Amino acid sequence: MSTTALPTQSSDFPAWYGEVVRRAGLAENSAVRGAMVIKPYGYAIWEAIQRELDDRIKATGHENFYFPLFVPGSVLAREGELVEGFAPEVAVVTQAGGKKLEEPLAVRPTSEALIWSTYARWVESYRDLPLLYNQWANVVRWELRPRLFLRTSEFLWQEGHTAHETEAEAVAETLTILHDVYADTIENVLAIPVLRGRKSESERFPGAVDTYTLEALMRDGKALQAATSHYLGQGFARTFDVRYTGRDGSERYPYATSWGASTRLVGGVVMAHGDDRGLRLPPRVAPQQVVIVPIFRDDDRADVLQTAAGVAAELRAARVRVRVDDRGDYRPGFKFNEWELKGAPVRIEIGSRDLAAGAVTVARRDSGEKRQIALPRVSAAVEELLDDIQRSLYREALHEQKRRTLHAPRGYEEMVEYLRDAAGFVEAPWCGRRECEIRVKEDSSGTIRCLPLDEEPTRRGTCVCCGRAAVAFPVWAQAY
RNA sequence: CGGGACGUAGCUCAGCCUGGUAGAGCGCUGCCUUUGGGAGGCAGAAGCCGUCGGUUCGAAUCCGACCGUCCCGACCA
């Protein structure tokens, strides 16, 4: 644990991010370039995210299964767009068991190929549909410019793979996942507001008909793709020869979806809520929601510790995740700083002054506000406080997102400048042509993050880039 | 893969120019003292100076090759 101050977000955001991740004990680089070690505190946050996602995945009717890490090269190669899209990032095992393999094995960058080659045997009749499955897995996409949690060569995620009788049903599935699983978790648990939208063709998942995305704004003005849900049409079914007999007796191809959310979300929590003192964790994902720091001298030690234990027990009974930091070797000031760095939402200080008042001192991490609360009221007050912090973090992030969204830039120059400075989101009309997308990217490093789903279909305008009639009003930003 | 920088203690780095006993801060261990916003004292452990080769009586230091890492560009959940 370092004792010096963090770099500030405004002076050097990437340095701030790296230091927070390291010092808070979330993760560190490993012996393998680009692959990280997720440390217990970081993994606990991931476990909370996992639990919330998994509950919602199951609540929407899905079951978990598990497919192997290795994909025969020939299977991966069958889906042309998929191979093409992932080719540079795929790691391949060519040797095992002490000799060269007859057929190289790809380490999965995603599992559509292996799963759909298997679905070919699982789907014979319309009675076998839909298949509503998900897996929790690690995947490997070799990264040239890795960053902890945001871009690592190996990461953890869940990938859902479903098969449906009709297009309408598959599209509905894609949107259910986007809204009821991903947006619900990210907004209500991670307290990060998201834009819900569709990807432009250039940003679409290889092999997808449509990619839906959730885009979140980080505190440095860049966008983070927080989760994606793909409508895959019948392409994978045709490629892997998945056919079934329909209700009318004719042979049909099912419609596919796939969807994923990864450990990148941990980085999103850091970058969406963190401040110059460190992490600010939403209570619903905080490994420790309340940390009690006892402050004592030799003569009142027993009293203070006993009161701390009593408060902790009461909070635990109310299902609050609480820890008494009774480490004797560190002074209170050190612990305050450390738990602020680690983002614990609530800190309770108990010392002689509090004992005399029959109270404890409660500090909230999000605002820094500190006040005394009488002992009998502690449990109720803390529960209320945790709810309030959860809501406040979301409100603050939403306010920030709105404040940093530029609607209808006056012209191309204003848009490009805004994007180049990574000032936030820009909503601007677009003609739908790839070349305008490319030009904006070359001029500003900004890209189309999504075409928002709630866009009014009747809106008119002219492309911010070329002046042709606009077909959409995408949101643009620099992206992670 | 192009351009740039750097490899010395767990971490951050000094020493190299001008060759001659391996250094600092933080961290770590022990003891003492402290505890309401990052305490202090004393003692201690810790190094293949990235690797290989060359020059030299002698190389962390000079030369060469290799390996690795980081930063900037093209790709990306």
Side-chain angles (χ1 to χ4, degrees), chain A residues 1-6 12 14-15 18-19 22-23 28-34 84-90 108-111 137-147 149-159 182 199 202-206 208 211 213-216 223-230 258-268 277-278 293-301 304-305 325-341 347-357 359-361 363 368 370 372 438 441-442 445 447 479-480:
Chain A
M1 184 61 56
S2 173
T3 55
T4 52
L6 285 169
D12 189 345
E19 281 292 291
R22 194 174 65 80
R23 291 197 204 177
E28 60 189 36
N29 285 313
S30 72
V32 180
R33 180 190 151 74
E84 207 178 305
F86 283 107
E89 303 169 51
V90 174
R108 62 179 165 217
T110 180
S111 302
N138 57 338
V139 287
V140 168
R141 299 180 187 175
W142 215 249
E143 285 294 344
L144 303 177
R145 296 181 53 65
R147 292 194 62 189
F149 289 112
L150 304 175
R151 266 193 315 256
T152 49
S153 290
E154 177 189 0
F155 57 90
L156 309 181
W157 75 344
Q158 56 68 219
E159 46 179 324
Y182 293 150
K199 282 296 189 187
S202 60
E203 299 268 337
R204 203 173 285 158
F205 177 79
T211 288
T213 180
L214 298 178
E215 298 287 327
L224 185 77
Q225 181 173 304
T228 48
S229 183
H230 316 288
S258 71
W259 25 277
S262 74
T263 37
R264 167 178 266 196
L265 286 171
V266 177
R277 303 180 78 82
V293 179
I295 301 159
F296 48 73
R297 291 185 305 275
D298 279 343
D299 56 334
D300 59 15
R301 181 194 188 95
V304 167
L305 286 177
D325 186 355
D326 58 0
R327 291 176 296 172
D329 306 327
Y330 297 95
R331 295 159 65 115
F334 180 90
K335 294 177 184 175
F336 296 170
N337 281 287
E338 186 175 82
W339 285 110
E340 281 167 8
L341 173 66
R347 178 181 73 241
I348 298 181
E349 305 168 16
I350 305 179
S352 57
R353 295 208 295 262
D354 299 295
L355 292 191
V360 299
T361 299
K370 215 162 150 171
Q372 247 188 0
I438 291 170
K441 183 171 184 180
E442 281 172 356
S445 305
T447 49
Y480 272 97

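Note that the structure is predicted; figures quoted are calculated from it, not measured. Naming: A, B, ... by sequence-line order, numbering from 1 per chain.
- Of the nucleotides present, none pairs with B:G47 by Watson-Crick or G-U wobble criteria with both distances under 3.5 Å.
- Rounded to a whole Å, the CD atom of A:E338 is 18 Å from the P atom of B:C26.
- Pairing partner, B:A24: B:U12, with both Watson-Crick or wobble hydrogen-bond distances short of 3.5 Å.
- Using the Watson-Crick or G-U wobble rule with both distances under 3.5 Å, B:G2 pairs with B:C72.
- Pairing for B:C67 is with B:G7, a Watson-Crick or G-U wobble pair whose two hydrogen-bonding atom distances lie under 3.5 Å.
- If you check B:U35 for Watson-Crick or wobble pairing at under 3.5 angstrom, you find it has no partner at all.
- Across all strands shown, B:U61 remains unpaired; no Watson-Crick or G-U wobble contact has both distances below 3.5 Å.
- Comparing B:C52 with B:C67, their P atoms are spaced 15 Å from each other, to the whole Å.
- Interatomic distance, CD of A:E349 versus CG of A:D354, reported as 7.5 Å (0.5 Å rounding).
- Taking the C1' atoms as reference points, B:G44 lies 14 Å from B:G27, given to the whole Å.
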5' to 3', nucleotides 32-37 of chain B under a 4.0 Å protein heavy-atom cut-off (B base, S sugar-phosphate only, - none) gives --BBBB

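- Closest heavy-atom contact between A:D326 and A:K335: C-NZ, 4.0 Å.
- With both ends at atom C1', the span from B:U12 to B:C28 equals 16 Å, rounded to whole Å.
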Each nucleotide in nucleotides 69-77 of chain B should get exactly one letter: B, S or -. Can you fill that in based on protein heavy atoms under 4.0 Å? SS-B-BSBB

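- For the pair A:E338 and A:R347, the salt-bridge criterion is not met [side-chain N within less than 4.0 Å of a carboxylate O].
- The environment of CD in A:E84 is sparse: at most 12 heavy-atom neighbours from other residues, nucleotides or ligands sit within 6.0 Å.
- A:P109 and A:R141 make their closest contact through O-NE, 2.7 Å (heavy atoms, listed as atom of the first residue, atom of the second, distance).
- Of the C1' atoms belonging to B:G47 and B:G7, the separation is 14 Å, rounded to the nearest Å.
- Comparing B:A45 with B:G30, their C1' atoms sit 10 Å apart, to the nearest whole Å.
- Here A:D329 does not pair with A:R327 in a salt bridge; the nearest charged N to carboxylate O distance is not below 4.0 Å.
- Closest approach of A:Y480 to A:R264, counting heavy atoms only: O-NH2, 3.8 Å.
- In this view, A:A261 and A:L53, A:Q158, A:Y182, A:A227, A:L265 satisfy the side-chain contact (heavy atoms from CB on, under 4.5 Å) rule, not counting sequence neighbours.
- Atoms OG1 and NZ, on A:T361 and A:K370 in that order, are 7.0 Å from each other to the nearest 0.5 Å.
- Across B:A22 and B:A60, the matching C1' atoms stand 9 Å from one another, rounded to whole Å.
- Of the C1' atoms belonging to B:G15 and B:G20, the separation is 14 Å, rounded to the nearest Å.
- The nearest whole Å value for the distance from the CZ atom in A:R23 to the C1' atom in B:G27 is 12 Å.
- When Watson-Crick and G-U wobble pairs are counted only if both distances are under 3.5 Å, B:C42 pairs with B:G30.
- Rounded to a whole angstrom, the distance from the P atom of B:A5 to that of B:U21 is 30 Å.
- Annotation for A:Q225 and A:T228: closest pair NE2-CG2, 2.9 Å, computed over non-hydrogen atoms.
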